[in-house]
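Atoms considered below: every heavy atom in the structure, side chains included; atoms not considered: hydrogens, waters and symmetry mates. By convention here, the first residue in the shown sequence is residue 1.
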Amino acid sequence: MLKILRCASYHFRSAGWSHITASLSTTSKYQSAATERRYIPRRAVLYVPGNDERKLQKIPSLAADCIVLDCEDGVALSMKEAARSKIRRVLHTQEIDFSGKDCSVRFNSVESGLCEGDMLEVLSAQHLPATVHLPKVDSPEHLTWFADRLKTTLATRTLEEKLRLVIFAESAESLLQLPEICRRGAELSQDSPFLLDAIVFGSDDFCADIGATRTNEARELLFARQYVVTVAKAFKLQAVDIVYIDYKDLEGLRKQSEEGAGMGFTGKQVIHPGQVPVVQTAFSPPPQKVEWAAALVEAFEQHQQEGKGAFTFRGHMIDMPLLLQARNILQLAAVTKK
C-alpha cells in the first residue's frame with residue numbers, strides 16, 4: 001500500500017496532469033492555501049433534506065462520500081426557510097460530525113428566486129461547507145449570476161480554500177449549452193470564491209423536459225449520459241451519474257452503477273442509505289486493478305529514470321492514455337480507502 005500511495009503522490013506532483021494539479025490564481029483573494037487541487041471523492045452522493053431533523057442526526061452513521069444538505073428538491077416549498085435555518089445551525093455549531101465526508105449544501109436554482117436567500121442564510125454560518133451544489137444550470141449566465149452573488153455574500157470573509165462547485169445538467173437546454181457552461185465556469189473559477197469541480201446529471205427533470213418515460217434500464221437516457229460524461233471529462237471535472245429510482249432493487253442498482261463506472265462516471269446519486277455500499281463498491285477500483293496500476297506506474301518511472309521512452313508492460317505496449325488511466329486508479333485508491 002505504501003508503494004501505491006507513493007505512486008499516487010507522484011500523480012499529484014506530475015506537471016503534465018493539469019486536471020489534478022490545477023493551480024489557483026496567485027493574485028486572487030480567494031486563493032487556496034494549497035497549491036494543487038485536492039481531490040474530493042464523490043462515489044455516492046446522498047441528499048438529506050435540510051428541514052428533517054431526524055435525518056440530519058443520522059449523518060455521522062452514513063457511509064456516503066458526499067452528504068448533501070438539501071434546500072431544493074427534497075424540501076417542500078413551505079419548508080424552505082426551515083431548511084435554510086437548520087442547515088445554517090448545523091454548519092455554524094458543527095454539531096454533526098462530517099468526518100470522512102464531503103460536507104455539501106444544495107441551494108435552490110437561480111431561476112427559482114430562492115437561491116440568493118439560501119446563500120445569504122447558509123453562508124452566514126461561522127463554518128462553511130466544503131462544497132456547494134447549484135441545480136438546473138441552463139446557461140452560462142446562471143453561473144455568472146451565481147459568481148456575482150457569491151462574491152458579494154462572502155465579501156468580508158477570507159477563505160482558506162475555495163468552495164467546490166457542483167453544477168447540475170437537468171434539461172435539454174442545459175445539455176445543448178453544457179460546453180459553454182463549463183467554459184464559463186472554468187473562467188469564473190480563476191477569480192471567484194468557487195472552483196468548478198463536478199457535473200451531476202439530473203435525469204428525472206431531464207426526462208420531464210423532453211417528454212421521455214423514465215425506466216429502470218434508462219435506455220432513454222443513454223445518449224444524454226454519455227454526452228454529460230464526455231463534456232465533464234473534456235473539462236477535467238467529476239461526473240456524477242443518475243439516480244436509480246427503485247431503491248429496493250439492489251441488483252439493478254449494481255448493474256447500473258457498474259455501467260456508469262464503465263462509461264467514465266466517477267460517482268452516482270443515491271436516494272437511500274441502503275444504496276450507498278453498492279454504489280461505492282462499483283465506483284472503487286478492485287484490488288487487482290490497483291495492483292496493476294501501481295506496477296505499471298512503477299515500471300514507467302523506472303524507464304523514465306533510465307532515459308527510455310516507449311515500453312511494454314505485461315505483454316502490452318504502454319501509451320500515455322493507459323498511463324493516465326493507471327494514475328487515476330491510484331489516485332482514487334489513495335483517497336477512498338473506507
Enter the distance from Arg88:CZ to Thr93:OG1 here, rounded to the nearest 0.5 Å. 9.5 Å
Determine, stepwise, if the pair Leu56 / Ile96 fulfils side-chain contact (heavy atoms from CB on, under 4.5 Å). CA-CA 8 Å; Leu56 290 172; Ile96 293 176; 4.1 Å; yes
To the closest 0.5 Å, what do you measure between CD1 (Ile210) and OG (Ser171)? 10.5 Å
Do Ile199 and Cys182 have side-chain heavy atoms sitting under 4.5 Å apart? yes
Ignoring hydrogens and geometry, is there a side-chain-to-backbone donor-acceptor pair from Arg157 to Leu123 under 3.5 Å? yes
Is the backbone of Leu165 close enough, under 3.5 Å, to the side chain of Asp197 for a donor and an acceptor to pair up by distance? no
Quick check: do Val45 and Val200 have side-chain heavy atoms less than 4.5 Å from each other? no
Ion pair Asp205/Lys136, N-O distance below 4.0 Å: yes
Check the side chains of Lys268 and Gln256 for a donor-acceptor pair under 3.5 angstrom, ignoring hydrogens and angles. yes
Would you sort out whether Val90 and Phe98 count as a side-chain contact (heavy atoms from CB on, under 4.5 Å), showing the intermediate values? CA-CA 10 Å; Val90 165; Phe98 280 86; 4.1 Å; yes
What heavy-atom pair brings Cys71 and Asn108 nearest, and what distance separates the two atoms? O-ND2, 3.1 Å
Looking only at side chains, do His142 and Glu111 share a donor and an acceptor under 3.5 Å apart? yes
Thr144 versus Arg184: any side-chain heavy-atom pair under 4.5 Å? yes
Just checking, is any N or O donor in the side chain of Ser284 or Arg43 under 3.5 Å from an acceptor N or O on the other one? yes
Atom pair CD (Glu291) and CG (Leu296), whose distance is rounded to the nearest 0.5 Å: 10.5 Å
Under 3.5 Å side-chain donor-acceptor pair for Glu298 and Gln302: no
Counting heavy atoms not belonging to Arg219, are there more than 12 under 6.0 Å from its CZ? no
Is Leu188 reachable from Leu178 through a run of hydrophobic residues whose side-chain heavy atoms are each under 4.5 Å from the next? yes
Is there a path of hydrophobic side-chain contacts, each under 4.5 Å between heavy atoms, that joins Val276 and Phe283? yes
Could you check whether Ser139 and Glu173, counting side-chain N and O atoms only, form a donor-acceptor pair closer than 3.5 Å? no
Considering all heavy atoms of both residues, which atom of Asp241 and which atom of Gly260 are nearest to each other, and what is their separation? OD2-CA, 3.6 Å
Interatomic distance, CZ@Arg106 vs CD1@Ile87, rounded to 0.5 Å, equals 10.5 Å
Of Leu128, Leu91, Ile67, which is the lone residue that meets side chain to side chain contact (heavy atoms under 4.5 Å, CB included) with Cys103? Leu91
Backbone of Phe201 reached by a side-chain donor or acceptor of Gln269 within 3.5 Å: yes
Between the CG atom in Leu143 and the CD atom in Glu187, the distance rounded to the nearest 0.5 Å is 10.5 Å
Is it the case that the side chain of Thr281 and the backbone of Val278 share a donor-acceptor pair, with hydrogens and angles ignored and the cut-off at 3.5 Å? no
The reported gap from CG in Leu120 to SG in Cys115 (rounded to nearest 0.5 angstrom) is 9.5 Å
Does a salt bridge link Glu81 with Arg84, judged by any charged N lying under 4.0 Å from a carboxylate O? no
For residues Val279 and Ser257, report the shortest heavy-atom separation together with the two atoms involved. CG2-OG, 3.7 Å
Do the side chains of Ile245 and Asn216 get nearer than 4.5 Å, heavy atoms only? yes
Identify whether the distance between the nearest side-chain nitrogen and carboxylate oxygen of Lys80 and Glu72 falls below 4.0 Å. no
Show your reasoning for whether salt bridge (Lys or Arg N to Asp or Glu O under 4.0 Å) applies to Glu251 and Arg254. CA-CA 5 Å; Glu251 178 59 21; Arg254 181 191 63 79; 2.4 Å; yes
Should the heavy atoms of other residues, nucleotides or ligands under 6.0 Å from CD of Glu220 be counted, would the total exceed 12? yes
Flag, side chain of Glu161 to backbone of Arg38, donor-acceptor distance under 3.5 Å: no
Pairs where residues 240-273 contributes a residue and the test ring pair (Phe, Tyr, Trp, His ring centres under 6.0 Å) is met, not counting sequence neighbours: Tyr247-His272
Counting C-beta onward and ignoring hydrogens, is there a side-chain heavy-atom pair between Leu150 and Met119 closer than 4.5 Å? yes
Which pair of heavy atoms, one from Val137 and one from Ile181, lies closest together, and at what distance? O-CD1, 3.5 Å
If only atom types and distance count, is the side chain of Lys151 paired as donor or acceptor with the main-chain N or O of Asp191 below 3.5 Å? yes
Whether Ser192 side chain and Phe194 backbone form a donor-acceptor pair below 3.5 Å: no
Honestly curious: do Leu114 and Val75 fall in one hydrophobic cluster under the side-chain, below-4.5 Å linking rule? no
Flag the pair Asp52 / Met79 as yes when at least one side-chain heavy-atom distance between them is below 4.5 Å, and no otherwise. no
With a cut-off of 6.0 Å (strictly less than), are more than 12 heavy atoms of other residues, nucleotides or ligands near NZ of Lys233? yes
Spell out, as yes or no, whether a donor-acceptor pair under 3.5 Å connects the side chain of Gln275 to the backbone of Ile271. yes
Beyond-backbone contact of Phe107 with Phe146, side-chain heavy atoms, under 4.5 angstrom: yes
Start with the C-alpha gap between Ile167 and Leu196, add the side-chain angles, then the distance that decides, and say whether side-chain contact (heavy atoms from CB on, under 4.5 Å) holds. CA-CA 8 Å; Ile167 61 173; Leu196 183 60; 3.9 Å; yes
Taking every non-hydrogen atom, the tightest pair across Glu121 and Ser85: OE2-CA, 3.7 Å
List the steps, then state whether side-chain contact (heavy atoms from CB on, under 4.5 Å) holds for Val68 with Val166. CA-CA 11 Å; Val68 185; Val166 176; over 6 Å; no
Please tell me if the side chains of Met263 and Leu222 come closer than 4.5 Å, counting only heavy atoms from C-beta onward. yes
I'd like to know if the side chain of Arg42 pairs up with that of Thr131 as donor and acceptor (distance under 3.5 Å, no hydrogens or angles considered). yes
May I ask you to decide whether Arg89 forms a salt bridge with Glu53, counting only side-chain N to carboxylate O separations under 4.0 Å? yes
Gln126: side chain to side chain donor-acceptor pair (under 3.5 Å) partners, not counting sequence neighbours: none
Specify the closest pair of heavy atoms between Pro140 and Gln177, including all atoms of both residues, with the distance to one decimal. CD-OE1, 3.6 Å
